[in-house]
Engineer: 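Just dropping this structure here.
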Amino acid sequence: MPANSVDRLAAKISQIAGADVELERPNDPAHGDYATNVALRTAPAHKRPPRELADELAQRVVDLPEVERADVAGPGFLNLWVARDWFVEALEEIDADYGGGFAQPHQRVQVELVSANPTGPVTVGSARNGAYGDSVARLLRFAGHAVEEEYYFNDTGRQVDLFRESVGARRRGEAPPEGGYVGEYLEEIAALDRDPVEAMLEEIRREIAEFRISIDSWRRQAEIEAEVAELLPRLDMYEAEGTVWARTSTYGDDKDRPLVRSADGSYLYFAADIAYVRDKLERGFDRAIYVLGADHHGYVARLKAAAAMLGYDPDRIEVLIYQLVHIVERGEARKGSKRRGDVVFLRELLEKIGIDAARWYLVSRSADQPIDIDVDLAREQTQKNPVYYVQYAHARIAGIIRNADKQPAASAAPAALDPLERELLKRLTDFPTIVAEATERRAPHALPIYAIRVADDFHRFYHDLRVIGSDEEAFRLALCRATQKVIARCLDLIGVEAPERM
RNA sequence: GCGCCUGUAGCUCAGCGGAAGAGCAUCGGACUUCUAAUCCGACGGUCGGGGGUUCGAAUCCUCCCAGGCGCACCA
C-alpha cells in the first residue's frame with residue numbers, strides 16, 4: 001500500500017488504466033486538481049486515438065469515490081477533480097513524519113562535506129558546500145537512510161605548513177613568507193599561545209556548529225596517509241620518469257595519476273585520495289557522497305577509478321558538484337583567495353544577514369547555478385528574503401494555536417470545503433512528492449521553493465477565513481497544524497528555524 | 001583544443017518530454033484581524049540562435065554564439 005494519499009489515488013487509477021499513472025498538479029485551475037497523460041502515452045501501444053482512450057478512462061475513473069469529476073482536454077489529457085472526503089482523509093495522515101521514511105532499500109550513507117583546510121575561517125564558498133551537503137544529508141536521513149556527515153581536513157600538506165610559517169612569522173614580527181597567508185584572522189591566531197592549525201580547527205568547528213551543521217566525524221589526512229604504505233601493493237601501478245603512477249586511465253579516468261615520488265618515496269596527493277576512498281568504503285558505507293565545488297569536478301572520474309581499481313563498485317562513490325560562489329563588491333569580482341585575504345568569510349555573512357537568511361539563500365539555488373554575493377547588498381537582500389515570509393506563516397499558525405488552546409474547539413469537518421481550504425490542503429499533499437524528488441535528485445533547492453508556495457496558500461487562507469470561533473474551527477485548526485508541520489519540516493531540512501513568534 | 005555547468009519577464013531564478021511560472025522592481029488597491037514581516041490587482045517572455053527527433057520540445061539530439069569552472073609530480 002503506497003504511503004500517501006496521492007500515491008494511493010495514482011495506484012487506483014493505474015489499475016483502471018492498465019498502465020503506470022503519474023498525477024501532475026496543473027498550474028491552471030481549469031485543468032483540475034490533478035492531471036495525467038496516460039492516454040497520450042499509451043495510445044501508440046493501443047493503436048487508438050488518445051482522446052478516445054481518455055474518454056473511456058474518464059468514464060471509469062469518475063466512478064471512484066475519490067473522484068468527483070473527470071474531464072478530457074486538449075490532445076488527450078485527463079483532468080481530475082478530487083472529492084471532499086479524499087481531502088479530509090488526506091489531512092488526517094499529515095503527522096510529524098509526513099513525507100518521510102520512503103527510502104528503499106535503507107542504506108548506510110556517508111556525506112563528506114566542507115572539508116576545507118584549517119588555514120583560515122570558513123569561507124562563503126565552503127558555506128555553500130555545507131548548506132548544500134548538509135541539506136542533502138538531512139533529506140537522506142528523513143528518507144530513512146543511516147547518514148553520517150564527515151569533515152576531512154589536510155593537516156600535513158604544504159598549505160598547512162605555509163599557514164604555520166605565516167603565523168610564526170607574524171609572532172616574530174617578521175614579514176610573511178612568499179605566498180603566505182595574511183589577514184585579520186591570521187593576527188587573531190598569532191595572538192594565541194598554541195598550535196595554529198589546532199586553533200584554526202577549533203574555530204572552524206565552532207563556525208560549522210553555529211551554521212547548524214552537525215559533523216559526526218572529523219578525519220585527518222595524517223590518519224589516512226598512515227594507511228597508504230599498506231595499500232600501495234594492491235594498486236595497479238607502474239614506474240616512469242621518476243614517479244610511481246596509478247593506472248587509473250584503464251578504470252575510466254582520462255589519465256594516469258602520480259602516486260609516489262621515486263626519489264624520496266614521498267606520497268603525492270592522489271595516494272591519500274585513493275586511501276581515503278578505500279577507508280570510506282571499508283567502513284561499511286553502502287554509498288560515499290562527496291560534495292565538491294565546480295573547480296574540483298575533474299575529481300569525479302579519478303575517484304570512481306580509484307574505487308574500481310580497488311575492486312569496489314564505482315557507483316558506491318557519488319560526487320555532487322555545485323557551482324561556485326563569486327564575491328562581487330561595487331560591481332567588481334573579487335578573486336576569493338584565502339591567502340591574499342581576498343575572501344568573504346561565513347562569519348561576515350552571518351553578521352550581515354544572520355543564519356536563517358544565509359542558509360536559505362545558499363541552498364535556494366540549484367547546485368548547477370553559480371551564486372554571486374554582493375557583500376554590500378547582502379543586508380538589503382535580507383529584508384526581501386523569502387525566508388521571513390515562510391517563517392511568518394509558521395509563526396502566525398503558532399499564534400492561532402496558542403489562542404485556540406484557551407477555548408477548546410468542537411465542530412465537525414465542513415460538508416463542503418472552501419476553495420482556499422482545498423488549495424492549501426492540496427498543496428500539503430504535494431509534500432511527499434516534493435521531498436522524494438528533492439532527495440532523489442539531490443536538489444534541496446526544491447524545498448524553499450515549495451515552502452513559499454505553502455506559505456502563499458496559507459496566508460491567503462488566513463486572510464479570508466477565520467479559524468477560531470468559526471463553525472469549522474476544529475477542521476481549520478487541524479489544517480493549520482498540518483500546515484505548520486509541513487513548513488517546519490521544510491525549514492528543518494534546510495537548517496532554518498521555525499519560530500513560534502516573530 | 002578537450003571536459004563539466006550555465007543562457008527563460010527589467011533584475012535574481014524555478015520549471016528539464018505534456019497546457020510558459022515565482023520573487024524583486026514598477027504602478028494601483030485592502031488594516032476596528034486568530035500577528036499588515038500579510039492580502040488583492042496591473043504591467044511584463046521569438047524560453048541565446050539554427051537544424052533535427054516526437055502526436056507534443058524551454059525540456060531530448062546536433063551545430064553555432066556568449067559566459068563560468070576545470071584539463072599540475074598544488075590540495
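First the proteins, then the strands, lettered A, B, ... as listed; each starts at 1.
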Engineer: Give each stem of RNA chain B as a range with a range, requiring at least 3 consecutive Watson-Crick or G-U wobble pairs whose two distances are under 3.5 Å.
Structural biologist: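 The stems that RNA chain B takes part in, listed by first number, are B:1-7 with B:65-71, B:10-13 with B:21-24, B:26-30 with B:38-42, B:48-52 with B:60-64.
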Engineer: Are Y388(A) and D356(A) close enough that a side-chain donor and a side-chain acceptor fall under 3.5 Å?
Structural biologist: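 Y388(A) vs D356(A): no donor-acceptor pair found between side chains.
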Engineer: Is there a side-chain polar atom (N or O) of R460(A) under 4.0 Å from OP1 or OP2 of C40(B)?
Structural biologist: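 So the side chain of R460(A) is within the cut-off, an N or O lying under 4.0 Å from OP1 or OP2 of C40(B).
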Engineer: Provide, to the nearest angstrom, the distance between the CG atom belonging to D273(A) and the C1' atom belonging to A72(B).
Structural biologist: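 My rounded result for the distance is 13 Å.
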Engineer: If I take atom CD1 in residue I487(A) and atom C1' in nucleotide A37(B), what distance separates them, rounded to the nearest angstrom?
Structural biologist: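 Those two atoms, CD1 and C1', are 14 Å apart.
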Engineer: Nearest whole angstrom, please: distance from the P of G3(B) to the CG of D254(A).
Structural biologist: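 Those two atoms, CG and P, are 11 Å apart.
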Engineer: Can you tell me if E22(A) has over 12 outside heavy atoms packed within less than 6.0 Å of its CD?
Structural biologist: no
Engineer: Is the positively charged end of R219(A) above the ring of Y276(A), judged by distance under 6.0 angstrom from the centroid and angle within 45° of the axis?
Structural biologist: no
Engineer: What is the ring orientation for H296(A) with Y299(A), classed by angle as parallel under 30°, tilted 30 to 60°, or perpendicular over 60°?
Structural biologist: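 Geometry flag for Y299(A) against H296(A): perpendicular rings.
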Engineer: Within the 4.0 Å limit for protein heavy atoms, which parts of nucleotides 4-11 of chain B are touched? Write it as a string from 5' to 3', B for base, S for sugar-phosphate only, - for none.
Structural biologist: BSS-----
Engineer: When the C1' atoms of C16(B) and U6(B) are compared, how many Å lie between them, rounded to an integer?
Structural biologist: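 14 Å, rounded to whole Å.
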Engineer: Classify every nucleotide of nucleotides 16-33 of chain B by which part a protein heavy atom approaches to under 4.0 Å, writing B for the base, S for the sugar-phosphate alone and - for neither, in 5'-to-3' order.
Structural biologist: S-BB--S-S--------B
Engineer: Are N154(A) and Y269(A) close enough, and set up right, to give a side-chain hydrogen bond (donor to acceptor under 3.5 Å, both in side chains), and what steps lead you there?
Structural biologist: CA-CA 10 Å; N154(A) 185 354; Y269(A) 66 85; over 6 Å; no
Engineer: Give the rounded distance in Å between these two atoms: OH of Y238(A) and C1' of C73(B).
Structural biologist: 12 Å
Engineer: For A272(A), which contact category applies under a 4.0 Å heavy-atom criterion: base, sugar-phosphate, or nothing?
Structural biologist: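 If one applies the 4.0 Å heavy-atom cut-off, A272(A) turns out to touch nothing in the nucleic acid.
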Engineer: Only one of N129(A), V363(A), I371(A) forms a side-chain contact (heavy atoms from CB on, under 4.5 Å) with Y322(A), so which one is it?
Structural biologist: N129(A)
Engineer: Measure the shortest side-chain to side-chain distance between Y290(A) and E318(A) over non-hydrogen atoms and say whether it is less than 4.5 angstrom.
Structural biologist: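 Counting from C-beta outward, Y290(A) and E318(A) never come under 4.5 Å.
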Engineer: Whole angstroms only, please: what is the CG-P distance between D253(A) and G70(B)?
Structural biologist: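 D253(A) atom CG is separated from G70(B) atom P by 18 Å.
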Engineer: Rounded to whole angstrom units, what separation is found between the NE2 atom of H459(A) and the P atom of C34(B)?
Structural biologist: 17 Å
Engineer: In terms of ring plane angle, is the pair F345(A) and Y185(A) parallel, tilted or perpendicular, where the classes change at 30° and 60°?
Structural biologist: perpendicular
Engineer: Partners of T250(A) by side chain to side chain contact (heavy atoms under 4.5 Å, CB included), sequence neighbours excluded?
Structural biologist: D236(A), R247(A)
Engineer: Tell me which residues in residues 255-271 of chain A put a heavy atom below 4.0 Å from RNA chain B, sorted by number, or none.
Structural biologist: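 Those residues whose heavy atoms fall under 4.0 Å from RNA chain B, taken from residues 255-271 of chain A in numerical order, are K255(A), P258(A), R261(A), L268(A), Y269(A).
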Engineer: Using the side-chain heavy atoms of H445(A), tell me which of these nucleotides is nearest: A75(B), U12(B), A14(B).
Structural biologist: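 Of A75(B), U12(B), A14(B), A14(B) is nearest to the side chain of H445(A).
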Engineer: Identify which nucleotide among C73(B), U12(B), A14(B) has an atom closest to any side-chain atom of T243(A), counting heavy atoms from C-beta outward.
Structural biologist: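 The answer is C73(B), which lies nearest to the side chain.
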Engineer: How do V467(A) and R302(A) order along RNA chain B: which one's closest nucleotide is nearer the 5' end?
Structural biologist: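 Result: V467(A).
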Engineer: Going by atom types alone, do T483(A) and Y462(A) pair a side-chain donor with an acceptor below 3.5 Å?
Structural biologist: no
Engineer: What do the steps show when you test R427(A) against F458(A) for side chain to side chain contact (heavy atoms under 4.5 Å, CB included), and what is the final call?
Structural biologist: CA-CA 10 Å; R427(A) 183 75 66 190; F458(A) 174 75; over 6 Å; no
Engineer: So R41(A) and D20(A), salt bridge (charged side-chain N to carboxylate O under 4.0 Å, His left out) or not? Walk me through it.
Structural biologist: CA-CA 10 Å; R41(A) 286 202 344 262; D20(A) 245 16; over 6 Å; no
Engineer: Nearest 0.5 Å, what's the CD1-CG distance between I373(A) and L349(A)?
Structural biologist: 5.0 Å
Engineer: A14(B) P sits how many Å from L447(A) CG, rounded?
Structural biologist: 14 Å
Engineer: Rounding to a whole Å, what distance do you find between Y299(A):OH and A72(B):P?
Structural biologist: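 Checked: the OH to P distance equals 12 Å.
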Engineer: Got a list of protein N/O to nucleotides 42-44 of chain B N/O distances below 3.5 Å?
Structural biologist:
none

Engineer: Can E150(A) and K280(A) be said to form a salt bridge (charged side-chain N to carboxylate O under 4.0 Å, His left out), step by step?
Structural biologist: CA-CA 10 Å; E150(A) 178 155 288; K280(A) 289 179 182 217; 5.4 Å; no
Engineer: What is the nucleic acid contact for L465(A), judged by heavy atoms within less than 4.0 Å: base, sugar-phosphate only, or nothing?
Structural biologist: base
